[in-house]
Amino acid sequence: MNFKQTLAVAATTFGLAIIPNSASAAIIGVDFGPSGSSTPNNWTLVTGAGTTNDLIDETGLTTVVDIALSSPAFIGNFGANVLASTVPTDPNPIDNIGGNLFSFSGSPLEITFSDLVPNQTYDYWLFGLRDGFDGTNQNVIVNGTSFSQTAGSRVLAINNELGTDTRTLDSYGISVTADALGQIITTISPNNGLYSVAGIAIEAPPDVSSVPEPTSVIALLGLGLGTLASKRKKQA
């Protein structure tokens, strides 16, 4: 667990207030596709298997969150096109969500967000997209929550719904709770031998940069520990 997460958990444990920098959390967006693909503003392009550390959020700020992609088989990428009418609106437009990762192997794709605050709930979006033939048809499991994505060619699937430009991106978000290790793990399994995924996004973790300086935090934690020790003595 990194220092910021330690402060967040400790502050929660001892009743200290953590005040985010903004009332509305930014999101961390990851766009899948070939190298050089256009992405939504301040989304990170991922072209295949591997780990990307310290993702930026949509405001351009660097976070501690990492993402890792793995599969038993080779992960391909493709410049898939998306129908504009299936892309929801957002203050930070995601029109460039096109492109995808895919495999015809029948093997699943696993996507892991890590360095999240353990046991905290986050808004979450998974974007399915295939350009051609039968479209998207896959099953998804994310930290115990399961749903299916079924969509026609070039139609954007967002979690378990079809995208439309008459709705906002926020309206598609679902709540997913990070596990005790601070991870959200998504497993995508194809129903027709092929998975096809255009991107993934998650609410950025709380910004704890506005908590007191470390020396103040240590003093406050010391006060909290002292209070607990005093209570234990009285109960002994």
Side-chain angles (χ1 to χ4, degrees), residues 26-50 52 55-60 67-69 71 73-105 108-111 113 123-140 142 147-174 186-204:
I27 67 173
I28 296 170
V30 179
D31 190 17
F32 300 139
S35 178
S37 298
S38 298
T39 70
N41 189 43
N42 287 325
W43 283 41
T44 300
L45 178 65
V46 169
T47 61
T52 304
L55 297 168
I56 61 172
D57 67 22
E58 63 183 345
T59 70
I67 191 170
L69 277 70
S71 175
F74 175 74
I75 302 172
N77 56 55
F78 180 66
N81 292 306
V82 60
L83 293 173
S85 60
T86 69
V87 179
T89 62
D90 192 66
N92 183 36
I94 64 165
D95 299 35
N96 289 330
I97 191 69
N100 67 15
L101 298 181
F102 72 94
S103 176
F104 285 100
S105 67
L109 172 67
E110 185 172 280
I111 306 171
F113 281 114
D123 287 338
Y124 169 98
W125 298 262
L126 180 71
F127 304 90
L129 176 67
R130 185 183 182 189
D131 184 350
F133 297 97
D134 298 327
T136 306
N137 189 350
Q138 55 202 21
N139 292 325
V140 179
V142 49
F147 56 86
S148 297
Q149 290 188 323
T150 304
S153 175
R154 300 186 180 182
V155 173
L156 191 65
I158 310 171
N159 294 331
N160 63 338
E161 300 184 84
L162 299 180
T164 172
D165 60 5
T166 63
R167 287 177 56 181
T168 64
L169 179 61
D170 280 350
S171 71
Y172 287 94
I174 62 173
T186 302
T187 302
I188 305 168
S189 301
N191 284 328
N192 57 359
L194 168 75
Y195 65 73
S196 50
V197 57
I200 191 168
I202 190 174
E203 178 184 358

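Keep in mind that this is a model prediction, so the values were computed, not measured.
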Chemist: Between the side chains of N191 and N139, is a donor N or O closer than 3.5 angstrom to an acceptor N or O?
Modeler: yes

Chemist: So F133 and S153, do their side chains get closer than 4.5 Å, heavy atoms only?
Modeler: no

Chemist: Nearest 0.5 angstrom please: I28 CD1 to E203 CD, how far?
Modeler: 9.5 Å

Chemist: Does L194 reach the side chain of R130, with side-chain heavy atoms less than 4.5 Å apart?
Modeler: yes

Chemist: Would you please name every residue forming a side-chain hydrogen bond (donor to acceptor under 3.5 Å, both in side chains) with N160, sequence neighbours left out?
Modeler: none

Chemist: Would you say the side chain of I111 lies within less than 4.5 Å of the side chain of T187, judging by non-hydrogen atoms?
Modeler: no

Chemist: Less than 4.5 Å apart, side chain to side chain, heavy atoms only: is that true for T44 and I56?
Modeler: yes

Chemist: Less than 4.5 Å apart, side chain to side chain, heavy atoms only: is that true for V197 and L109?
Modeler: yes

Chemist: To the nearest 0.5 Å, tell me how far Y195 OH sits from S103 OG.
Modeler: 4.5 Å

Chemist: Set out, in order, the CA-CA distance, both residues' side-chain angles and the distance that settles side chain to side chain contact (heavy atoms under 4.5 Å, CB included) for N100 and F127, then state yes or no.
Modeler: CA-CA 9 Å; N100 67 15; F127 304 90; over 6 Å; no

Chemist: Output all residues satisfying side-chain hydrogen bond (donor to acceptor under 3.5 Å, both in side chains) with D123, sequence neighbours left out; order by chain, then residue number.
Modeler: none

Chemist: Evaluate the side-chain proximity of V46 to L69: yes if any heavy-atom separation is below 4.5 Å, no if none is.
Modeler: yes

Chemist: Mark yes or no for whether D57, through its side chain, and G60, through its backbone, hold a donor-acceptor pair below 3.5 Å.
Modeler: yes

Chemist: With sequence neighbours excluded, tell me which residues meet ring pair (Phe, Tyr, Trp, His ring centres under 6.0 Å) with F78.
Modeler: none

Chemist: Within 45° of the axis and under 6.0 Å from the centre of the six-membered ring of Y172, does NZ or CZ of R167 qualify?
Modeler: yes

Chemist: Which atom pair, heavy atoms only, marks the closest approach of A201 to G29?
Modeler: CB-CA, 4.1 Å

Chemist: Testing the basics here: between S105 and A73, what is the closest heavy-atom pair and its distance to 0.1 Å?
Modeler: OG-CB, 3.2 Å

Chemist: Using side chain to side chain contact (heavy atoms under 4.5 Å, CB included), reason through N41 and E58 one step at a time and then give a plain yes or no.
Modeler: CA-CA 7 Å; N41 189 43; E58 63 183 345; over 6 Å; no

Chemist: I would like to know whether I67 and L55 meet side chain to side chain contact (heavy atoms under 4.5 Å, CB included); could you show each step before the answer?
Modeler: CA-CA 8 Å; I67 191 170; L55 297 168; 3.9 Å; yes

Chemist: Can you tell if the side chain of I97 reaches within under 4.5 Å of the side chain of W43, non-hydrogen atoms only?
Modeler: yes

Chemist: What pairs with T47 under side-chain hydrogen bond (donor to acceptor under 3.5 Å, both in side chains), at least two apart in sequence or on another chain?
Modeler: none

Chemist: CD1/I202 to CZ/F113 distance, rounded to the nearest 0.5 angstrom?
Modeler: 5.0 Å

Chemist: Should we say atom CG of D134 is surrounded by more than 12 heavy atoms from elsewhere, each under 6.0 Å from it?
Modeler: no

Chemist: Going by heavy atoms in the side chains, are L162 and V155 under 4.5 Å from each other?
Modeler: yes

Chemist: If we ignore angles and hydrogens, is there a donor and acceptor under 3.5 Å between the side chains of D170 and T168?
Modeler: no

Chemist: Could you grab the distance from atom CD of Q138 to atom OG of S196, nearest 0.5 Å is fine?
Modeler: 5.0 Å

Chemist: Per the side chain to side chain donor-acceptor pair (under 3.5 Å) rule, what does the pair list look like for residues 27-37, sequence neighbours excluded?
Modeler: none

Chemist: Using the test ring pair (Phe, Tyr, Trp, His ring centres under 6.0 Å), find all partners of F74 that sit at least two apart in sequence or belong to another chain.
Modeler: none

Chemist: Checking side chain to side chain contact (heavy atoms under 4.5 Å, CB included) for the pair L156/L83: CA distance, chi angles, key distance, verdict?
Modeler: CA-CA 7 Å; L156 191 65; L83 293 173; over 6 Å; no

Chemist: Can you tell me how the ring of F147 sits relative to the ring of Y124, calling it parallel under 30°, perpendicular over 60° and tilted otherwise?
Modeler: perpendicular

Chemist: Mind listing the closest non-hydrogen atom pair of R154 and D131 along with its distance?
Modeler: NE-OD1, 2.8 Å

Chemist: Measuring from atom CG of L101 to atom CD1 of I75, what distance do you get when rounded to the nearest 0.5 angstrom?
Modeler: 6.5 Å

Chemist: Scan side-chain atoms only and decide if T166 and T164 contain a donor-acceptor pair under the 3.5 Å cut-off.
Modeler: yes

Chemist: Of all heavy-atom pairs between G79 and P34, which one has the smallest distance, and what is that distance?
Modeler: N-CG, 3.6 Å

Chemist: Over all heavy atoms of both residues, which pair between L129 and A198 is shortest? Give the atoms and the distance, please.
Modeler: CB-CB, 3.7 Å

Chemist: Rounded at 0.5 Å granularity, tell me how far CD in Q149 sits from CG in N137.
Modeler: 10.0 Å

